[in-house]
Engineer: 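The structure that follows is given in the form of structure tokens.
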Amino acid sequence: MKQATTISRRTFLGSAMAGAAFTALNRRALAGHSPNDQIVLGMIGVGGMGTSRLKEFMKHDDVRVAAICDVDRGHLDRAVAEVEKVRGSKPRGFGDFRRLLEDKEIQAVAVVTPDHWHAIPTVRAFEAGKDVFVEKPLSYSIAEGRAMADASLKYRRVSQMGNHIHNDHDNYRRVVELVRSGKLGRITRVHCWKTSPTQPLRTTLPATQPPELDYDFWLGPAPQRPYHPLRCHVSFRQFWDYSGGTFIDFWCHIVDVAVWALDLKAPRSVSAVGGRFFIDDETETPDTLEAILEYPELILMFHFRPTPLPGFEHMGHIGCLFEGTEASLVVNYEQHEVWARGKKIDDFPRPDPTIPDSRGHIREFLDAVKTRNLDTTCNVRYGHRVTKPGLLSNIAFRTGRRIYWDDERERILRDSAAEQFLKRRFRKPWKL
């Protein structure tokens with residue numbers, strides 16, 4: 001067996017030198033892809049966002065959705081019917097993701113669950129030899145994000161965090177090139193913002209648990225709580241048991257451009273203040289939060305507030321401002337502007353493009369599954385780097401203290417009360 005493996009590897013390396021086409025075929029064979037080059041996909045979680053992702057995956061002819069899992073039978077039946085309508089074949093349905101992962105035909109899975117359910121299915125999928133597309137924010141906690149990142153390398157699996165703005169537009173690429181060119185001068189301060197909700201959440205759904213929902217499985221590793229319609233499905237993110245609010249929901253979308261452009265690693269310290277100044281309902285997370293993150297020679301601030309950053313209202317609900325010693329650059333999802341001395345500079349000199357355009361966020365993942373490229377632009381290691389400072393900001397808010405961070409050991413220094421938020425005890429029988 002060892003001799004056969006050695007010959008196969010030499011053959012593969014030789015073919016790589018011989019030509020790209022033969023290399024691609026050999027890689028696909030090594031990856032175990034079907035003869036018609038289709039990727040066999042399983043969906044884990046098909047609520048509102050999961051159904052949207054399902055439809056996106058089905059736009060790619062080389063994807064075959066073979067199985068779908070959801071703890072809500074209504075979601076599951078709707079998604080199975082959607083695949084049957086679009087593709088003419090009926091995928092298998094599961095209420096337990098572990099049964100889906102036992103299917104050896106499935107090569108990749110998309111994990112589109114509430115945040116507290118990202119880590120366990122992702123790590124188990126890696127262990128089962130599946131590649132994983134998982135939604136942002138990457139993880140509920142820093143310990144869970146670390147486990148996901150480590151498992152992706154241990155099991156040599158392809159991954160992508162669902163941060164579509166990174167690849168579905170070329171805007172961030174042009175911003176990264178301009179910031180790195182030095183034409184803005186030295187960047188000393190970065191402001192990110194996201195407008196916050198100010199209206200209370202109300203529901204007309206009955207307070208009794210719907211029969212089609214396996215609520216105990218939905219809770220999973222989270223603490224046992226009585227069923228309430230606001231704690232589940234669409235509004236789950238507004239409860240600390242399952243996520244970190246709208247703040248963490250949008251954190252990765254916009255902080256990504258700062259991490260990318262400045263190659264930010266982790267902050268030295270984080271402080272945050274805020275509260276519930278507008279919303280009075282049964283949810284928990286803040287509607288206002290100001291986070292200050294200290295990096296070497298740089299301060300990054302995240303403003304979670306009802307209105308855009310003053311002076312940049314025209315950029316809309318989300319954006320990022322790079323303050324440079326020569327000029328400043330402001331960016332949202334689709335456009336960016338350069339400002340100097342209080343004026344917008346339309347003819348500001350720009351560097352030649354150096355970052356290749358992307359074929360799309362999902363397409364990049366699918367191509368990487370075929371070529372076994374573990375270094376997708378938003379793999380879970382990068383996703384952990386982007387998500388981590390947002391999770392630390394929420395910890396600083398919840399403790400009411402400035403926290404000091406040791407990134408090498410991923411520990412909060414000299415604050416045992418804050419340390420408890422890095423990892424939580426899973427409800428039995430779940431473990432990571």
Side-chain angles (χ1 to χ4, degrees), residues 44-45 97 101 107-167 220-221 243-244 248-249 251-253 255-260 262-268 270 293 295 361-362 364-365 368-369 371-395 403 405-412 419 421-426 430-432:
I44 301 175
F97 73 91
L101 294 179
Q107 298 161 298
V109 298
V111 178
V112 196
T113 59
D115 302 3
H116 72 291
W117 260 121
H118 283 183
I120 295 175
T122 295
V123 172
R124 296 292 172 265
F126 288 150
E127 292 171 347
K130 321 292 187 188
D131 301 317
V132 179
F133 182 99
V134 57
E135 276 303 317
K136 55 80 208 156
L138 180 70
S139 59
Y140 171 83
S141 71
I142 289 175
E144 291 175 29
R146 170 50 52 200
M148 297 162 78
D150 289 348
S152 70
L153 290 179
K154 179 179 179 179
Y155 296 100
R156 305 292 296 169
R157 304 320 303 173
V158 174
S159 63
Q160 186 86 304
M161 183 179 73
N163 205 23
H164 283 57
I165 311 304
H166 192 99
N167 283 313
S243 183
I248 200 66
D249 185 23
W251 171 276
C252 292
H253 279 320
V255 172
D256 171 40
V257 71
V259 171
W260 190 3
L262 298 168
D263 194 26
L264 296 179
K265 299 301 190 291
R268 293 172 172 172
V270 183
L293 299 93
Y295 291 86
H361 201 61
I362 285 180
E364 180 186 287
F365 172 69
V369 169
T371 62
R372 308 314 302 155
N373 173 26
L374 303 187
D375 294 320
T376 55
T377 56
C378 282
N379 63 70
V380 295
R381 279 97 58 204
Y382 179 79
H384 182 53
R385 176 149 64 109
V386 174
T387 304
K388 191 189 314 183
L391 297 174
L392 289 172
S393 298
N394 265 336
I395 293 173
I403 59 175
W405 181 244
D406 177 352
D407 194 55
E408 184 175 352
R409 296 186 298 162
E410 290 195 331
R411 292 193 59 185
I412 295 171
E419 276 266 310
F421 289 107
L422 297 178
K423 178 181 181 180
R424 76 168 172 199
R425 183 177 299 173
F426 286 177
W430 301 106
K431 59 184 179 180
L432 192 58

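Note: hydrogens, waters and symmetry copies are ignored here, and every other heavy atom, side chains too, is used.
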Engineer: Residues in ring pair (Phe, Tyr, Trp, His ring centres under 6.0 Å) with Trp405, at least two apart?
Structural biologist: none

Engineer: Say whether, by atom type as modelled, one donor and one acceptor occur between the side chain of Thr376 and the main chain of Ser159 under 3.5 angstrom.
Structural biologist: yes

Engineer: Ignoring hydrogens, what is the shortest heavy-atom contact between Val158 and Asn373? Give both atom names and the distance.
Structural biologist: CG2-O, 3.7 Å

Engineer: Does Asn163 reach the main-chain N or O of Cys252 with its side chain, forming a donor-acceptor pair under 3.5 Å?
Structural biologist: yes

Engineer: So, Arg146 and Asp150, do they make that salt bridge, N to O below 4.0 Å?
Structural biologist: yes

Engineer: Between Arg381 and Asp375, does any NZ, NE, NH1 or NH2 come within less than 4.0 Å of an OD or OE carboxylate oxygen?
Structural biologist: yes

Engineer: Take Arg424 and Ser141, measure what side chain to side chain donor-acceptor pair (under 3.5 Å) needs, and give me the verdict at the end.
Structural biologist: CA-CA 8 Å; Arg424 76 168 172 199; Ser141 71; over 6 Å; no

Engineer: Say you draw a straight line from OG of Ser139 to NE2 of His118; how long is it, rounded to the nearest 0.5 Å?
Structural biologist: 9.0 Å

Engineer: Output yes when Arg385 and Asp256 qualify as a salt bridge under the 4.0 Å nitrogen-oxygen rule, no when they do not.
Structural biologist: no

Engineer: Which heavy atom of Asp406 sits nearest a heavy atom of Arg409, and at what distance?
Structural biologist: OD2-NE, 2.7 Å

Engineer: Could you label the plane-to-plane angle of the His164 and His361 rings as parallel, tilted or perpendicular, counting under 30° as parallel and over 60° as perpendicular?
Structural biologist: tilted

Engineer: CZ of Phe133 to CE of Met161: how many Å apart, nearest 0.5 Å?
Structural biologist: 9.5 Å

Engineer: Under the side chain to side chain contact (heavy atoms under 4.5 Å, CB included) criterion, do Ile395 and Ile412 qualify, and how do the steps go?
Structural biologist: CA-CA 10 Å; Ile395 293 173; Ile412 295 171; 4.0 Å; yes

Engineer: Check the pair Lys265, Asp263 against side chain to side chain contact (heavy atoms under 4.5 Å, CB included), reporting the backbone distance first and the verdict last.
Structural biologist: CA-CA 6 Å; Lys265 299 301 190 291; Asp263 194 26; 2.8 Å; yes

Engineer: What are the two closest heavy atoms between Leu432 and Ile120, and how far apart are they?
Structural biologist: CD1-CA, 3.9 Å

Engineer: Does a side-chain heavy-atom distance below 4.5 Å link Glu419 with Arg411?
Structural biologist: yes

Engineer: Side chains of Gln160 and Val134: closer than 4.5 Å at any heavy-atom pair?
Structural biologist: no

Engineer: Quick one, Ile142 and His384 - any side-chain contact, counting heavy atoms below 4.5 Å?
Structural biologist: yes

Engineer: Going from CG on Leu264 to CG on Leu293, what distance comes out if it is rounded to the nearest 0.5 angstrom?
Structural biologist: 9.5 Å

Engineer: How close do Val380 and Ala149 get, heavy atom to heavy atom, and via which atoms?
Structural biologist: CG2-CA, 3.9 Å

Engineer: Mark yes or no for whether Trp251, through its side chain, and Val386, through its backbone, hold a donor-acceptor pair below 3.5 Å.
Structural biologist: yes

Engineer: Evaluate the criterion salt bridge (charged side-chain N to carboxylate O under 4.0 Å, His left out) for residue pair Asp407 and Arg268; output intermediate values, then yes/no.
Structural biologist: CA-CA 8 Å; Asp407 194 55; Arg268 293 172 172 172; over 6 Å; no

Engineer: Gly390 and Ile248: which non-hydrogen atoms are nearest, and at how many Å?
Structural biologist: C-CD1, 3.5 Å

Engineer: Roughly how far apart are Leu153 CG and Phe126 CZ, rounded to 0.5 Å?
Structural biologist: 9.0 Å

Engineer: Cation-pi check for Phe97 against Arg124: NZ or CZ below 6.0 Å from the six-membered ring centre and within 45 degrees of the axis, yes or no?
Structural biologist: no

Engineer: One thing to verify: whether Arg157 and Asp131 come together as a salt bridge, which I'm taking to mean a side-chain N less than 4.0 angstrom from a carboxylate O.
Structural biologist: yes

Engineer: Judged by atom type as modelled, is there a donor-acceptor pair below 3.5 Å linking the side chain of Asn379 to the main-chain atoms of Tyr382?
Structural biologist: yes

Engineer: If every non-hydrogen atom of Asn394 is compared with every non-hydrogen atom of Gly244, which pair is closest and at what distance?
Structural biologist: ND2-O, 3.2 Å

Engineer: Can Thr377 and Asn167 be counted as having a side-chain donor-acceptor contact under 3.5 angstrom?
Structural biologist: yes

Engineer: Is any side-chain heavy atom of Thr113 closer than 4.5 Å to a side-chain heavy atom of Glu135?
Structural biologist: no

Engineer: How many angstroms lie between CG in Leu391 and CG in Leu422, if you round to the nearest 0.5 Å?
Structural biologist: 9.5 Å

Engineer: Counting N and O atoms only, with roles assigned by atom type, does the side chain of Lys431 sit under 3.5 Å from a partner on the main chain of Phe426, one being a donor and the other an acceptor?
Structural biologist: no

Engineer: Start with the C-alpha gap between Gln107 and Lys130, add the side-chain angles, then the distance that decides, and say whether side chain to side chain contact (heavy atoms under 4.5 Å, CB included) holds.
Structural biologist: CA-CA 5 Å; Gln107 298 161 298; Lys130 321 292 187 188; over 6 Å; no

Engineer: With distance as the sole test, does Thr387 use its side chain to make a donor-acceptor pair with the main-chain N or O of Leu138 at under 3.5 Å?
Structural biologist: yes

Engineer: Using a strict cut-off of less than 4.0 Å between a Lys/Arg side-chain nitrogen and an Asp/Glu carboxylate oxygen, indicate whether Glu410 and Lys388 qualify as a salt bridge.
Structural biologist: yes

Engineer: Side chains of Pro221 and Trp117: closer than 4.5 Å at any heavy-atom pair?
Structural biologist: yes

